[in-house]
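Accompanying notes for the structure given below.
Below, chains carry the letters A, B, ... as their sequence lines are ordered, and counting in each starts from 1.
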There are 2 protein chains.
Amino acid sequence: MEQPKANRREVQKSETRALILKSARKLFETLDYDKVTIRGVAALGRIGLGTIYKHFPNKLSMLAAAFSDDLKNMYQDALATVPDNQSFQSQFVHISKRFFSFYTSHYSLSRAYLSHLFFYEQEWIDEINAFDDRYAQKIAELIRAAQDTGEINPAKDSHILALALMSNYFFVLANSFLLDKITDPDQLATRLETLIEQTLL
Amino acid sequence: MEQPKANRREVQKSETRALILKSARKLFETLDYDKVTIRGVAALGRIGLGTIYKHFPNKLSMLAAAFSDDLKNMYQDALATVPDNQSFQSQFVHISKRFFSFYTSHYSLSRAYLSHLFFYEQEWIDEINAFDDRYAQKIAELIRAAQDTGEINPAKDSHILALALMSNYFFVLANSFLLDKITDPDQLATRLETLIEQTLL
DNA sequence: TTCATTCAGAGAACGTGTTCACTTAATAAA
DNA sequence: TTTATTAAGTGAACACGTTCTCTGAATGAA
């Protein structure tokens, strides 16, 4: 009731926005990015072409909006399910595998997400980066815990080590999309594990 | 003299191709990728629009051709100048800095190169990857040498460790283009050094 | 030499993402 | 209630990358 009179206009607008995003996501999930046309999104939502540009400045920002949504869910899920009382290495692999699982099970969509990383507007870059920062923080915590138990060399800097491990993760992820087109998350996890073993040793 | 008569046609064709690449490179070096138009390249070279498509299947392949050229030079230069009789760590940083130097001194062009990594035709991906493989091989050799001198833990696998270090390198490079827009190669080298210290420790 | 064939060169035409001027319905002011 | 203002909604128009058909010159066969 405290809402500012729930303007008819605003309600209508946010409904339209949701409809556009729903249509866009459906198309991105089945078609390559360049095969998805704005006219196609408009037609699927029975919306005018120009209307879409009243809600999104360009095609890419629709992708970014969807990516941001999915990232939020992924991080929430991954961080909530970190297994306690396990070695740091298996914790890290566990978390990474949840990410890999998403990416491999939504292959075409994920390829669009990741391949356009360099093209998102700064606003979206910052948002994505905020996720990564929080994630790095969490990993650093787990590392410090593992240093207390003696699993990891206490001489290492937990925060920088976290970044080094994340670089291994991104490397495996990027390679799988760029070269191998691997669709099995276990295979990716294994590959990541051999990399981080070298880093943690 | 064994050449097949040096067809007038073939000579003319390769000259045209070179002219196109020269025009394209000049534009890519000063303008963002999407600000470079095929019509602009054609105009600069006083060439017909359709002619360009007789030499390159699409806009991206002109960029890929230029990238491949530059990569060849960079790798040749970097591998030829590896300083002997230094610690592995400083060797690796030295090589990396040469790459960083190229990328930062041709910032706009390099951004185009790297941001389109996911979009190159398989043919070009394979070529780029071949460079990386040879590079990884070389790094692994240096690591084995460092293991002999006791600088690096002999328990580590030289080839996998090489990949782990390259992942650190790519991480620093990607971050600099994605977030920081750093244009000082020394700063990038320092950042890389802190990362690989954790990995080598 | 003469003529048929090939293929580099060229630009019109097409579908795309994006911009823009316009319409129309919701809100605010009278 | 009546009128003015705002802003969502719309599709024609534009510039782009790319495709296509056409032209003309180089090549090879006669």
Side-chain angles (χ1 to χ4, degrees), chain A residues 3-25 27-28 30-66 112 115-116 118-121 124, chain B residues 3-25 27-28 30-66 112 115-116 118-121 124:
Chain A
Q3 305 292 352
K5 271 302 179 51
N7 285 334
R8 174 88 178 274
R9 254 194 196 164
E10 283 180 24
V11 172
Q12 189 56 256
K13 182 172 186 182
S14 72
E15 278 175 8
T16 304
R17 187 192 146 94
L19 178 56
I20 294 172
L21 262 187
K22 184 181 158 196
S23 304
R25 177 185 279 276
L27 291 177
F28 282 140
T30 49
L31 268 59
D32 278 354
Y33 181 78
D34 355 285
K35 296 295 180 190
V36 175
T37 68
I38 308 281
R39 285 169 180 80
V41 175
L44 185 59
R46 298 179 178 284
I47 285 171
L49 175 60
T51 305
I52 292 184
Y53 285 89
K54 278 286 190 299
H55 292 264
F56 297 92
N58 48 49
K59 182 180 174 181
L60 195 57
S61 63
M62 292 192 292
L63 187 71
S115 64
H116 288 89
F118 281 89
F119 302 101
Y120 297 127
E121 302 276 328
W124 294 108
Chain B
Q3 303 293 350
K5 271 302 179 52
N7 286 334
R8 172 90 180 272
R9 255 194 196 164
E10 283 180 23
V11 172
Q12 189 56 256
K13 181 171 186 183
S14 73
E15 278 175 9
T16 303
R17 187 193 146 96
L19 178 57
I20 294 172
L21 261 186
K22 184 181 158 196
S23 305
R25 177 184 279 275
L27 291 177
F28 283 140
T30 48
L31 270 60
D32 278 355
Y33 181 79
D34 357 285
K35 295 296 180 191
V36 175
T37 68
I38 308 279
R39 285 169 180 79
V41 175
L44 185 59
R46 298 180 177 284
I47 285 169
L49 175 61
T51 305
I52 292 185
Y53 285 90
K54 278 285 191 299
H55 293 265
F56 298 92
N58 48 49
K59 182 179 176 182
L60 194 57
S61 64
M62 293 191 293
L63 187 71
S115 64
H116 288 89
F118 281 89
F119 302 101
Y120 297 127
E121 301 276 328
W124 294 107

Handout entry: CA sep, side-chain torsions, deciding dist, call: B/Glu15, B/Leu19, side-chain contact (heavy atoms from CB on, under 4.5 Å)
Key = CA-CA 6 Å; B/Glu15 278 175 9; B/Leu19 178 57; over 6 Å; no
Just list the side-chain donor-acceptor pairs under 3.5 Å for residues 31-39 of chain B, sequence neighbours left out, or say none.
from: B/Tyr33; atom 1: OH; to: B/Leu60; atom 2: N; distance (Å): 3.3
from: B/Thr37; atom 1: OG1; to: B/Gly40; atom 2: N; distance (Å): 2.8

Practice task
Measure distances between side-chain N and O atoms of B/Arg9 and base N and O atoms of D/dA26, and say whether any donor-acceptor pair falls under 3.5 Å.
Solution key: yes
Handout entry: A/Lys13 side chain near D/dA8 phosphate (N/O to OP1/OP2, under 4.0 Å)
Key = yes
Fill in the blank from the handout: Separation of C/dC7 atom C1' from B/Ile52 atom CD1, nearest Å, is 18 Å
Kindly list each side-chain donor-acceptor pair under 3.5 angstrom involving residues 46-56 of chain B, sequence neighbours excluded, with atom names and distances?
none

Can you name the atoms? Protein N/O to nucleotides 14-17 of chain D N/O, anything below 3.5 Å, with the distance.
from: D/dG17; atom 1: OP1; to: B/Val36; atom 2: O; distance (Å): 3.1
from: D/dG17; atom 1: OP1; to: B/Lys59; atom 2: NZ; distance (Å): 3.0
from: D/dG17; atom 1: OP2; to: B/Ile38; atom 2: N; distance (Å): 2.9
from: D/dG17; atom 1: N7; to: B/Arg39; atom 2: NH1; distance (Å): 2.8
from: D/dG17; atom 1: O6; to: B/Arg39; atom 2: NH2; distance (Å): 3.0

Exercise for the section: Consider the side chain of A/Ile47, meaning its heavy atoms from C-beta on, and name the nucleotide among D/dT10, C/dG9, D/dG9 that approaches it most closely. Expected result: D/dT10
Problem - Side-chain donor/acceptor of B/Asn7 to backbone N/O of B/Glu10, under 3.5 Å - result: no
Handout entry: Between P of D/dG9 and CZ of A/Arg17, the distance in whole Å
Key = 12 Å
Problem - Nucleotide C/dA25, atom P - distance to CG of A/Asn7 in whole Å - result: 18 Å
Fill in the blank from the handout: Heavy-atom closest pair (B/Arg25 atom, B/Ala66 atom, distance to 0.1 Å) is NH2-O, 3.4 Å
Practice task
Quickly work out the A/Phe119 CZ to C/dG17 P distance and round it to whole Å.
Solution key: 16 Å
